[in-house]
Trainee: 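Structure below; questions to follow.
Just follow the structure's listing: the first ligand is 1, and inside any ligand the first atom is 1. Owing to the predicted nature of the structure, the values given are computational and were not obtained by experimental measurement.
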Amino acid sequence: MADGITIAFGPLGPVGHGDIVLFVGDDLALSPTVAQALGRGAADLLARAAASERFKGKSLTSLALPAPAGIDADRLLVIGLGSEKDRAKIDWPALGGYAASKVSGRQAHVALDWPGSSVSPANAADFALGARLRVYSFDRYKTKKKPEGEEARVTALTLMVADPSAAEAASKVSEAVAGGVLLARELINEPPNVLYPEEFARRAEELTKLGVEVEVLGPGKLEALGMGALLAVAQGSTREARVVVMRWNGGDDASEAPIAFIGKGVCFDSGGISIKSAGGMEDMKGDMGGAACVVGTMFALASRKAKVNAIGAIGIVENMPDGNAMRPADIVTSMSGQTIEIINTDAEGRLVLADVIWHVQSAYKPKFMIDLATLTGAIIVALGQDIAGMFSNDDALAAKIAAASEATGEAVWRMPLIPAYDKAIDSKFADMKNTGGRHGGAATAASFIKRYVNDVPWAHLDIAGVAMSSSPSEINRSWGAGWGVRLLDRLVRDNYEA
Ligand code: BES
Ligand code: MN
Ligand code: ZN
C-alpha cells in the first residue's frame, strides 16, 4: 500500500521546532495554553498577518506564517474554524483531512486546542482518520518524479491534546477503519490486468494474517455448488472466477449467527456480448467496488478485533465478450434453482450477487445480509455521485443503516421496492429475465436480487455513483473512494458489539 502517515499523540505545550498547526475561530483568539506555548508576541503576529492576508478564520480556510519572528517554529499554520455555531458542529474527519493537506513540512505538531474547545478522544481519533484518508494517493504506477507539492506530503503528525493516552486508544480504532478504507481504495484503483479474480482472491487471503478465516472457491467448487448464474458471467473470460468467503469470529459466542456482507466483484465489466461503448469503459475496472468495500470492512473489523461474528463474501469475475461468452437469449440456472433468461449480458452484477447471496444465506444462516454493488447506471441518474441507493425488505435494518450513514457522512437514500418492479422482470421463457426494461433500472435490478433473498433481513446498496470518481472531498482525493467501509464499520460498532 502507498506510504501512510504516522500519527502520535502528545500533551499540549511547547514543542520547540518544526511546523505547528493551530486553530482559531472567526475571532482569531488563541487558547491560553497555545498562546503560552508560542510565547509573547504570537497573538500580535497572528493579528497582523491575518489582517494583511485578509484571513478571517472562516471554517476550512488557512493562513501560513513561515519563519514566524520570535516564535520557535519553522512555520505556523493557522486553520479557521468559523463562527461559534460552526465550532459547535465540527466535521472532525474533514478538519483532519484539511489540516493534513495544508501541512507543507514532513512533520508537524497539531495543537487541538482553542478558546472554549472540548476535544474528546473520539474527536481526536476522527481527526486522525481524516488525515490518514486525505494523504492517500495511488501512484504505484507513476515511474516519473511526482508533481511539486505531492512529493512534500506530510508523513508524521503529533496531535497535542488534553488526554493523549485516551486519544491514542480511540485512534487505534480509527486507524483500523482507515486501513480498511485505504485497502478498498487500493483494490479499486488497481488496473484489471493486475487485479483479476485470482489476484483479488489472493489479496483477500492476506486477511488471514489478521485472524480472518478465508475460504477461496474456484470454478470446480462453484460448479459443484451450482452457481450457474455467476459462472455464466465468467465464461467469456480467460480469467477464472472466484468466490471468497471471509469469516471473522470476534463475538463472545462462536455459535451465534453471523452478520453478512456481500460484494459484487466484477474486476472488469466490458458488458460482454452486449458490449459497452468505448467512452469511459476504463472506469469499469472499478466494478468491483462492492467487493472491495467488503474486504476493507473485514480488514477493519479484524484489525480492531470487533466483538462480532461477521461474514464477508465476494463474487469475483470478469465480464468479457468471447466465443464462449454467454449470449442474450441464453437461459442459465442459478444456485437457487431459479432460471434466468439473459436479455443483456451487461446486466451481469445481479447474476453474480444472486448466487453469492444464495450461498451465504443457505450456508451461514446470517442475522441479516447487506450487499454492495456498483450495479446500475440508473442509480447515478437517480441520485448522482454523492449518495448511494438503499433498497431493503426490513425497516429496522434500513433505519440502522441510515443512522450509520448519518454518523459517518457516507450518504444513502432509501429507494422503493414495489410489486410492479418485480413484475417487470418476469420472463416469457424462464423464471425471470436479467433486465427489466428502460424504466426504474436501479429498482428492477434490486427486485431481481430480492428474488434470491429468503426470509432474512436484507439491504442492497447500489454504489455505482459513489464507489469511484465521486466528487473530491476533504478526506478523499482518490478515484477509488473506498465508500462504505466507514458506514459498515459504524453499523457494526453501534448495533452488533455487545
Ligand atoms: N457495472 C455496471 C453499472 C455501472 C455503470 C457502474 C456506471 C458504475 C458506473 C453494470 O453492470 C451495468 O452495466 N448495468 C447496466 C444494466 C442494464 C444493462 C440493464 C446499466 O446500468 O446500464
Ligand atoms: Mn454491466
Ligand atoms: Zn457491472
Side-chain angles (χ1 to χ4, degrees), residues 188-189 192 195-197 200 229-230 232-237 239 241 262-293 314-321 325-330 340-356 371-389 391 415 421 424-425 427 432-449 460-471 479-481 483-484:
I188 296 169
N189 286 327
L195 195 84
Y196 46 92
F200 195 146
L230 180 145
V233 178
Q235 78 189 33
S237 172
R239 313 287 197 182
I262 293 138
K264 167 181 174 181
V266 177
C267 292
F268 185 71
D269 180 12
S270 69
I273 295 300
S274 314
I275 198 162
K276 289 179 183 293
S277 53
M281 202 201 273
E282 69 278 11
D283 283 355
M284 287 301 109
K285 74 169 180 177
D287 206 20
M288 29 57 71
C293 171
I314 56 179
I316 14 184
V317 297
E318 187 178 59
N319 187 23
M320 295 293 269
M326 67 171 170
R327 333 153 178 72
D330 280 3
I340 305 160
E341 180 193 7
I342 307 302
I343 301 296
N344 188 318
T345 65
D346 199 11
E348 85 297 340
R350 62 200 75 183
L351 300 172
V352 173
L353 289 173
D355 279 343
V356 180
D371 78 74
L372 298 98
T374 49
L375 203 65
T376 66
I379 201 68
I380 311 178
V381 174
L383 299 177
Q385 291 224 269
D386 298 303
I387 180 161
F391 297 84
M415 305 285 285
Y421 298 138
I425 54 170
S427 157
M432 70 197 78
K433 51 187 180 181
N434 79 329
T435 65
R438 256 165 42 77
H439 298 151
T444 51
S447 285
F448 181 98
I449 298 169
H460 157 61
L461 298 176
D462 193 334
I463 61 170
V466 293
M468 60 235 182
S469 76
S470 43
S471 342
W479 182 79
W483 193 98

Trainee: Between Lys264 and Asp371, is there a salt bridge with N-O shorter than 4.0 Å?
Mentor: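 Looking at Asp371 and Lys264, the cut-off is not met.
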
Trainee: Looking only at protein heavy atoms, which one is nearest to atom 19 (C) of ligand 1, and what is the separation?
Mentor: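 Ranked first by proximity to atom 19 (C) of ligand 1 is Thr435 CG2, 3.6 Å.
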
Trainee: What residue and heavy atom of the protein are closest to atom 16 (C) of ligand 1, and at what distance?
Mentor: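 Ranking protein heavy atoms by distance from atom 16 (C) of ligand 1, first comes Arg350 NH2, 3.9 Å.
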
Trainee: Got a sec: is Asp346 within less than 2.8 Å of the Zn ion (ligand 3) via an N/O/S atom?
Mentor: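 It does not; every qualifying atom lies at 2.8 Å or beyond.
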
Trainee: N/O/S atom of Lys264 under 2.8 Å from the Zn ion (ligand 3), yes or no?
Mentor: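 So Lys264 counts as coordinating the Zn ion (ligand 3), yes.
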
Trainee: When you measure from the heavy atoms of Lys264 to every atom of ligand 1, does any distance fall below 4.0 Å?
Mentor: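 In this structure, Lys264 qualifies as a contact of ligand 1 - some heavy atom is under 4.0 Å.
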
Trainee: Nearest 0.5 Å, what's the NZ-CD1 distance between Lys285 and Ile188?
Mentor: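 Lys285 atom NZ to Ile188 atom CD1 measures 10.0 Å (nearest 0.5 Å).
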
Trainee: Taking the Zn ion (ligand 3) as the reference point, name the nearest N/O/S atom of Asp287.
Mentor: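 Atom name returned: OD2.
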
Trainee: Enumerate the protein N/O/S atoms at a distance below 2.8 Å from the Mn ion (ligand 2), ignoring waters.
Mentor: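 Those protein N, O or S atoms (cut-off: under 2.8 Å from the Mn ion (ligand 2)) are Asp269 OD2, Asp346 O, Asp346 OD1, Glu348 OE1.
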
Trainee: Any luck finding a side-chain donor-acceptor pair between Asn319 and Ser237 under 3.5 Å?
Mentor: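 Distance-only check fails for Asn319 and Ser237.
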
Trainee: Which of the numbered atoms in ligand 1 are below 4.0 angstrom from a heavy atom of Ala464?
Mentor: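 Per the distance check, 6 (C), 8 (C).
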
Trainee: Kindly say whether Gly271 contributes a backbone atom to a donor-acceptor pair with the side chain of Ser274 at under 3.5 angstrom?
Mentor: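 Here the side-chain-to-backbone pair does not exist.
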
Trainee: Looking at Glu348, which atoms of ligand 1 are within less than 4.0 Å of one of its heavy atoms?
Mentor: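 What qualifies from ligand 1 is 11 (O).
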
Trainee: If I take atom CD from residue Glu348 and atom CD from residue Glu318, how far apart are they, to the nearest 0.5 angstrom?
Mentor: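 That separation rounds to 11.0 Å.
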
Trainee: Indicate the atoms forming the closest heavy-atom contact of Gly286 with Thr374, along with that distance.
Mentor: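 So the minimum-distance heavy-atom pair works out to O-CG2, 3.9 Å.
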
Trainee: Counting heavy atoms only, which part of Ile380 comes closer than 4.0 Å to ligand 1: side chain, backbone, both or neither?
Mentor: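 It is the side chain that touches ligand 1; the backbone stays farther off.
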
Trainee: Which N, O or S atom name in Glu348 marks its closest approach to the Zn ion (ligand 3)?
Mentor: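 Relative to the Zn ion (ligand 3), the closest nitrogen, oxygen or sulfur of Glu348 carries the name OE2.
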
Trainee: If you round to the nearest 0.5 Å, how far is CD of Glu341 from OG1 of Thr435?
Mentor: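 With rounding to 0.5 Å, OG1 (Thr435) is 8.5 Å from CD (Glu341).
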
Trainee: Tell me whether Asn434 contacts the main-chain N or O of Asn344 through its side chain, where contact means a donor paired with an acceptor under 3.5 Å.
Mentor: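 A pair under 3.5 Å: yes.
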
Trainee: Report the name of the N/O/S atom of Asp269 located nearest to the Zn ion (ligand 3).
Mentor: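 Atom name returned: OD2.
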
Trainee: Which one holds for Asp346 and ligand 1: side chain close, backbone close, both close, or neither close, with close meaning a heavy atom under 4.0 Å?
Mentor: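 Both backbone and side chain.
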
Trainee: Could you tell me whether the side chain of Asp287 and the main chain of Gly289 form a donor-acceptor pair under 3.5 Å?
Mentor: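 Side chain of Asp287 to backbone of Gly289: no pair is present.
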
Trainee: To the nearest 0.5 Å, what is the distance between CG on Asp355 and CD1 on Ile340?
Mentor: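 That separation rounds to 7.0 Å.
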
Trainee: How far does CD1 of Ile273 sit from CE of Met320, to the nearest 0.5 angstrom?
Mentor: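 If we round to the nearest 0.5 Å, Ile273:CD1 and Met320:CE are 11.0 Å apart.
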
Trainee: Calculate, to the nearest 0.5 Å, the distance between atoms OG1 and CE belonging to Thr345 and Met326 respectively.
Mentor: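 If I round to the nearest 0.5 Å, the distance is 5.0 Å.
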
Trainee: So, the side chain of Asp330 versus the backbone of Arg327: is there a donor-acceptor pair under 3.5 Å, distance only?
Mentor: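 Yes, Asp330 side chain to Arg327 backbone: donor-acceptor pair under 3.5 Å.
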
Trainee: Please report which non-hydrogen protein atom sits nearest to atom 9 (C) of ligand 1, along with the residue it belongs to and the distance in Å to one decimal place.
Mentor: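 So the nearest neighbour among protein heavy atoms is Met284 CE, 3.4 Å.
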
Trainee: Mind listing the closest non-hydrogen atom pair of Val356 and Gly315 along with its distance?
Mentor: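 In terms of heavy atoms, the two residues are closest at CG2-CA, 3.8 Å.
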
Trainee: What residue and atom, counting heavy atoms only, is the protein's closest point to atom 2 (C) of ligand 1, and at what distance?
Mentor: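 Its nearest protein heavy-atom neighbour is Asp269 OD2, 3.6 Å.
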
Trainee: From atom 3 (C) of ligand 1, work out which of Val352, Asn344, Leu375 has a heavy atom at the shortest distance.
Mentor: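 That would be Leu375.
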
Trainee: Which residue and atom name correspond to the protein heavy atom nearest atom 20 (C) of ligand 1, and how close is it?
Mentor: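 Among all protein heavy atoms, the one nearest atom 20 (C) of ligand 1 is Gly377 N, 3.8 Å.
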
